[in-house]
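Since the structure comes first, as structure tokens, the remarks are kept for the end.
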Amino acid sequence: MAQLIVALDLPRKDAALPLARDLQGLVPWCKVGMELFTLAGPGLLESLRTLGFKVFLDLKFYDIPHTVGRAVKAAAAVGVDLLTLHCQGGGRMCREARAAVDGLAADSPARPLLFGVTVLTSFAAGEMPGIAAAPADFAMNLAADAQGWGLDGVVCSGQEAARIKAASPDLLCLCPGIRPAGTAAGDQRRIMTPAKAVAAGADFLVVGRPILEAPSPAEAARRILAEMDAAE
């Protein structure tokens, strides 16, 4: 079954935990991205785990292989359950990340799932610098590489999930850019509704603003979960 991840993309660390408590027992995962992690640091991750959430650290690592491997070990040490790195970092970088997880001690706080970012959902055709391929085709190529490099899954648009699943059934698909019908797309380009993303084979759906900006975030999350369940 597809799982819902709420993106805590908030400008203040003192707003994150109250919102998480409102969703406690309802949404299984919280995502902490660059803005909130910079503001709150690793302590927030521990607090979320204490509340019973699985933690997705979305920092999209992209650096030399040695640095990324050490960053992955650091994320595991603070109990991260899932993290992202850019597929465009290449095979050596991604394999170093895989080796870092595989080399963790048995008593490590967590053994994070590794997800490779293919093409950001904010990119439309012709907007990727130096890349002539259509976003969907480029995402397909990177997804095929990611599986060979030992990653657990990829971050992709819901529009690409069905093709990726058909080519690589064991590769997990995490899909941002999820927008319930009638909600604003914002800066996203390749969006999809929760029901259509689940029907396409998405394993994880990341939803931020449609939940964060709702009058009742918990009620917004319930509606999305109901739509996901109906599409299973």
Distance check, rounded to the nearest 0.5 Å: [X] atom [atom1] versus [Y] atom [atom2]?
X	Y	atom1	atom2	value
Cys175	Ile164	SG	CD1	7.5 Å
Thr193	Met228	OG1	CE	11.0 Å
Arg95	Leu151	CZ	CG	9.5 Å

Could you see if [X] belongs to whatever hydrophobic cluster contains [Y]? Use Ile, Leu, Val, Met, Phe, Trp, Tyr and a side-chain cutoff under 4.5 Å.
X	Y	result
Leu39	Leu10	no
Leu51	Leu225	yes
Leu59	Leu48	yes
Met34	Leu44	yes
Leu17	Leu19	yes

Check for a donor-acceptor pair, side chain of [X] on one end and backbone N or O of [Y] on the other, with a separation under 3.5 Å.
X	Y	value
Asp152	Leu113	no
Asp81	Val55	yes
Thr118	Val155	yes
Arg163	Met140	no
Ser157	Gln159	yes

Practice problem: With His86 as reference, evaluate Phe61, Trp149, Phe115, Tyr62 under the ring pair (Phe, Tyr, Trp, His ring centres under 6.0 Å) test and give the passing residue. | Solution: Tyr62
Quiz prompt | Arg49/Glu46 salt bridge by N-O under 4.0 Å criterion | solution = no
Practice problem: Measure from the ring center of Phe53 to the ring center of Trp29 and say whether it is less than 6.0 Å. | Solution: no
Quiz item: Does CZ in Arg92 sit with more than 12 non-hydrogen atoms of other residues, nucleotides or ligands closer than 6.0 Å?
Solution: no
Quiz item: Counting heavy atoms not belonging to Lys165, are there more than 12 under 6.0 Å from its NZ?
Solution: yes
Exercise. Take Leu26 and Arg222 through the test side chain to side chain contact (heavy atoms under 4.5 Å, CB included) and record every step on the way to the result.
Key: CA-CA 8 Å; Leu26 180 62; Arg222 287 189 188 95; 3.8 Å; yes
